[in-house]
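Scope of the values below: all heavy atoms of this structure, side chains included, with no hydrogens, waters or symmetry mates. Keep in mind the model is a prediction, meaning the values are calculated, not measured.
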Amino acid sequence: LYKAWEEFDEAEVELRKLRRRVSALEEKRDLTQSRCTNIISLLAPIRRLPPEIISKIFVHTVGPDFINPLKYQLPVLLTHVCSYWRQIALSTSTLWASLLIAPRDGGEIARMRPILDCFLARSGTVPLSTHVDL
């Protein structure tokens, strides 16, 4: 019986070692898969376009109209696609230069303050055009 318990304990120790090894290999696999995904995204055809062209596409996507940030997600949505698009969208001042403010009540005006500050900061040297619809 003593010999059997000894073998059992040895098997338990070996199993713990193997489980740690499996866990380490699964973590390595996940990191490698993530790295492969990142590399594949770098090879995407959109990455071959110069940032200036992508910026123009963004501007045409948003259009010349005033943007109501509470109703429409553009241009903020462009910053959530990937870090490359985020960098381009944030550096494209004209995306942030036309703003429609249509508050329904005084509380909504207060909630819009951070959005207004954001658009003002991101528009940079481009004049910020606003339309207030009361």
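- Residues Leu43 and Arg47 have side chains not in contact (no heavy-atom distance under 4.5 Å, counting atoms from C-beta outward).
- Under the 3.5 Å distance criterion, the side-chain polar atoms of Ser23 are left unmatched by any main-chain donor or acceptor of Arg19.
- A donor-acceptor distance shorter than 3.5 angstrom exists from the side chain of Thr61 to the backbone of Ile57, with no hydrogens or angles considered.
- Here the CD1 atom belonging to Ile46 is positioned 4.5 Å from the CD1 atom belonging to Ile54, to the nearest 0.5 angstrom.
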Per-pair distances, 0.1 Å, donor-acceptor, side chain in residues 76-87, under 3.5 Å, sequence neighbours excluded:
residue, atom, partner, partner atom, Å
Thr79, OG1, Val76, O, 2.5
Tyr84, OH, Leu49, O, 3.4

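- The minimum heavy-atom distance linking Val126 with Ala97 is given by the pair CG1-CB, 3.5 Å.
- The nearest pair of heavy atoms linking Thr92 to Ser55 is OG1-OG, 2.8 Å.
- In Gln33, the CD atom is not crowded: 12 or fewer heavy atoms of neighbouring residues, nucleotides or ligands sit closer than 6.0 Å.
- Atom-to-atom distance recorded for Glu6:CD and Asp9:CG is 8.0 Å, nearest 0.5 angstrom.
- The CD atom of Glu12 lies 11.5 Å from the CD atom of Glu10; values are rounded to the nearest 0.5 Å.
- In this view, Arg113 and Asp117 satisfy the salt bridge (Lys or Arg N to Asp or Glu O under 4.0 Å) rule, not counting sequence neighbours.
- Under the 6.0 Å cut-off for aromatic ring centres, Trp5 and Tyr2 do not qualify, their centroids lying 6.0 Å or more apart.
- Arg21 CZ to Lys28 NZ: the interatomic distance, rounded to the nearest 0.5 Å, is 7.5 Å.
- Contact record, Leu128 with Ser98: CD1-N, 4.3 Å, taken as the closest heavy-atom pair.
- Between Val22 and Glu26 there is a side-chain heavy-atom pair separated by less than 4.5 Å.
- Note that CG of Leu42 is 11.5 Å distant from CZ of Arg48, once rounded to the nearest 0.5 Å.
- The side chain to side chain donor-acceptor pair (under 3.5 Å) test applied to Ser123 returns no partner, not counting sequence neighbours.
- Taking both residues in full, the closest heavy atoms of Pro75 and Phe119 are given as CD-CZ, 3.9 Å, listed atom of the first, atom of the second, then distance.
- Shown here is Glu27, whose CD atom has no more than 12 heavy atoms of other residues, nucleotides or ligands within 6.0 Å.
- Distance check: Thr94 OG1 to Phe58 CZ gives 11.5 Å after rounding to the nearest 0.5 Å.
- If you chain together hydrophobic residues whose side chains sit under 4.5 Å apart, Ile115 and Val62 fall into the same group.
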